[in-house]
Amino acid sequence: MFINFSEIPNSSNLFLDYLYEFDNVKKYYGADFRNRQKYPLLFQEISSQRKNQNKNSEAIYEIVKKQYKDKTPSAKTQRNIELLKSSDSLTIVTGQQLGLLGGPLYTFYKTITVLKLVSSLSQDFDNYNFIPVFWMESEDHDLLEVNNLSILDEQNLPKELILPFSSQDSENHKSVGNIEFNDNITSILNELQTSLRNTDFSKNIFSLLNSIYTKGKTYKNAFKELMFSLFDKYGLVIFDPKDDDVKNLLKPIFKNELTNYRKHSESLVNISAQLDEVYHSQVKIRAINLFMEHENERFLIEPIEDGFRLKNKRIRFSKEEIFNLLETQPNLFSPNVLLRPVCQDFLFPTAFYVAGPGEIAYFAQALHLYDYFNISKPIIYPRISATILEKNIQNIINKLNISNKDVFIKKDSLTELIVKNISNFDLNSVFGMTQTDIELSMNHLKDKTLEIDVQIGELLEKYKSKMIVNLEEYKTKVMEAQKRKHEISLRQFQKVLNSILPNQVLQERVINYYYFANKYGDDFLSLLFDSLLINKFEHQIVQL
């Protein structure tokens, strides 16, 4: 079953037009992801550009090989790493913050989209090698976005588990990837295990998680181990940009940004203003799209009259000083959200970037930087979007006599509909008829009394209004009594909402993968691969 995103509340107009009315947004993106006939032109352009930058291919190959030195990758992944050297190779990339235990389900949907897209392209365009790459956003410094995970507890209530850190880690601007787990990581894994039902799969799952998430291990190393354990057999290449050799390769990009930031920011301001006229701009424009590390914290670089400074710090650099630092210590520099795609596609021959709705929105801004760096723009491919619908939840929906689609598009009015479905009569209809009878009777009475006295007749209008108000108050009380009478059914409905729309947002944005894996074991990932489609561009319901 599929639901068009236009029927799902809170879908942005920019995202909807990108999916269904691409001509409206073509000037922001360029290539239409649906137009497969145009793919070969882009592939040829990127491949030609890569041949002129052969040193990059060799260097990236060596870096990735080094990043895998402590791993034993599958034959499929090993082959993909080797293919990074080939000028006939193109990458299909996605990326994500380093969510605890992988974060919400959409991280896995993005990864599956990449892998399935690689398979599809390999069949249709066999003169190219397509390599799936996961870009770990290890330099991000927003710890509060990744120090938690959410599940449904044994009572089917949404439960957020938060991993406490020292105030120093929580409050500073340190890159999340380098933060080490403390003793609390064991506590949160224990809390997770006690919050979930014990199943035949629990022992193996928590044995794996306890071996990966250990005290002293960094966020990025744990995240990579987890993704490797799940997706290595499919050939996924996991890439860490927080690497001194990577930063050395990116020096030309960083230098260009520092040299030409005025031109770049002016272009971004202009395109953002255009977006705001019709849609909205996702990212606030900064003067310079670069961060710099100082004392293990990450600060935005800002221009000043005679050089640069770090935001919220009394640290200044002359132009000569900052360019000398860039030359000698490029590892101190990192891109912001708008420059990161440029860095990514300078390093890799990216044909497609697999993105969620928010990313699609910020690419409307970011893609306008590519021309300033002489980099071909990738096609932005929408990730899979899905809700897992378990059998017990489907049974409740059927019993309540509502549809699966109703839960998504009518959730605010469903309580009333459910009560109506299980009641002996329709309250709205009964009270509506009663109000109509009152109005007709009072109007008839008014006509008669006007013949006696005009003022007495007009006074009747006030009495009629009071009667209608009192009737509405009585209706509210009757409905509340009716809800109490059907409390069990409404509690069942709340169970449906908790599963499908936890915290009133899509399940994929809240619930962690291991909530389901604990129930269904290793087969759950295979089930997702078999069930999820990458060419529908609608929200998919996966029934278990």
Side-chain angles (χ1 to χ4, degrees), residues 10 94-108 110 134-153 157-192 195 209 212-224 226-227 240-242 282-284 286 289-300 310-313 334-338 340 355-359 361-362 502-515:
N10 302 320
T94 197
Q96 192 57 44
Q97 292 170 302
L98 312 181
L100 194 60
L101 274 60
L105 280 162
Y106 65 73
T107 300
F108 296 82
K110 291 173 85 171
F134 190 101
W135 178 287
M136 296 198 304
E137 294 180 11
S138 51
E139 295 186 296
D140 192 273
H141 56 259
D142 195 343
L143 179 60
L144 296 181
E145 287 197 13
V146 296
N147 75 328
N148 58 82
L149 63 93
S150 293
I151 57 166
L152 299 176
D153 65 17
L157 297 173
K159 180 175 182 178
E160 184 181 41
L161 284 67
I162 299 175
L163 180 61
F165 278 93
S166 68
S167 58
Q168 184 180 0
D169 282 332
S170 300
E171 294 169 8
N172 72 14
H173 294 78
K174 187 175 182 179
S175 294
V176 168
N178 285 343
I179 294 177
E180 295 181 355
F181 295 116
N182 54 28
D183 290 323
N184 291 323
I185 190 63
T186 303
S187 300
I188 203 163
L189 289 174
N190 290 339
E191 184 182 359
L192 175 63
S195 299
L209 294 178
I212 292 175
Y213 287 85
T214 58
K215 180 183 177 181
K217 190 172 288 184
T218 62
Y219 248 97
K220 70 176 184 178
N221 287 341
F223 185 90
K224 183 173 182 176
L226 182 75
M227 296 297 282
D240 178 14
K242 193 167 177 56
Q282 184 80 359
V283 181
K284 183 179 179 180
R286 306 293 184 179
N289 297 302
L290 278 176
F291 290 94
M292 184 175 174
E293 212 169 275
H294 175 73
E295 296 180 347
N296 291 322
E297 293 188 67
R298 192 168 177 247
F299 299 96
L300 193 66
L310 301 186
K311 186 177 181 181
N312 299 326
K313 299 290 284 185
S334 59
N336 75 351
V337 67
L338 293 177
R340 184 171 61 222
E359 290 172 302
Y362 80 63
N503 302 330
Q504 299 186 38
V505 296
L506 290 175
Q507 178 196 86
E508 64 183 21
R509 303 198 63 80
V510 179
I511 302 300
N512 182 268
Y513 167 83
Y514 283 98
Y515 168 74

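We're numbering straight along the sequence, starting at 1.
Of the inter-residue distances, the one linking Asn336 atom CG with Leu290 atom CG reads 7.5 Å to the nearest 0.5 angstrom. Note: Asn182 CG to Ser187 OG = 8.5 Å, rounded to the nearest 0.5 Å. For the atom pair CG of Asn221 and CG of Leu226, the computed distance is 12.5 Å after rounding to the nearest 0.5 Å. In this structure, CG in Asn289 is found 8.0 Å from CG in Leu300, a value given to the nearest 0.5 Å. One finds the CD atom of Glu180 at 10.0 Å from the OG1 atom of Thr214 (value rounded to the nearest 0.5 Å). Between the CG atom of Leu100 and the CG atom of Leu189 there is a distance of 7.5 Å, given to the nearest 0.5 Å.
The heavy-atom pair separating Phe223 from Gln97 by the smallest distance is CE1-O, 3.9 Å. Of all non-hydrogen atoms in Glu508 and Pro104, the two that sit nearest each other are O-CB, 3.3 Å. Heavy atoms only, all atoms of each residue included: Lys242 and Ser138 are closest at CB-OG, 3.5 Å. In plain terms, the two heavy atoms of Phe134 and Met227 that are nearest each other are CE1-CE, 3.8 Å. Considering every non-hydrogen atom in both Lys159 and Ser195, the closest pair reads NZ-OG, 2.7 Å. The two residues Leu101 and Leu149 come nearest to each other via the heavy atoms CD2-CD2, 3.9 Å.
The residue from Val510, Ile511, Leu157 that alone fulfils the side-chain contact (heavy atoms from CB on, under 4.5 Å) condition with Leu152 is Ile511.
Scored by the ring pair (Phe, Tyr, Trp, His ring centres under 6.0 Å) test, Phe291 finds His141 as partners (sequence neighbours excluded). In this view, Phe181 and Tyr213, Tyr219 satisfy the ring pair (Phe, Tyr, Trp, His ring centres under 6.0 Å) rule, not counting sequence neighbours. Glu160 pairs by the salt bridge (Lys or Arg N to Asp or Glu O under 4.0 Å) definition with nothing, not counting sequence neighbours. In this view, Tyr514 satisfies the ring pair (Phe, Tyr, Trp, His ring centres under 6.0 Å) rule with no residue, not counting sequence neighbours. Here Asn312 pairs with nothing under the side-chain contact (heavy atoms from CB on, under 4.5 Å) rule; sequence neighbours left out.
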Please test Glu359 against Lys110 for side chain to side chain contact (heavy atoms under 4.5 Å, CB included), starting from the C-alpha separation and ending with a verdict.
CA-CA 12 Å; Glu359 290 172 302; Lys110 291 173 85 171; 2.8 Å; yes
Test side-chain hydrogen bond (donor to acceptor under 3.5 Å, both in side chains) on Asn178 and Ser175 and set out the steps.
CA-CA 6 Å; Asn178 285 343; Ser175 294; 5.5 Å; no
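Under a 3.5 Å cut-off, the side chain of Glu297 and the backbone N or O of His294 do not form any donor-acceptor pair. The main-chain N or O of Ile185 is never found under 3.5 Å from a side-chain atom of Lys215 such that the two would form a donor-acceptor pair. Asn184 places no side-chain N or O within donor-acceptor distance of the main-chain N or O of Leu163, the cut-off being under 3.5 Å.
Note on residues 134-150: pairs passing salt bridge (charged side-chain N to carboxylate O under 4.0 Å, His left out), not counting sequence neighbours, are Glu137-Arg340, Glu139-Lys247.
With respect to the salt-bridge test (charged N to carboxylate O, under 4.0 angstrom), the residues Asp240 and Lys220 qualify.
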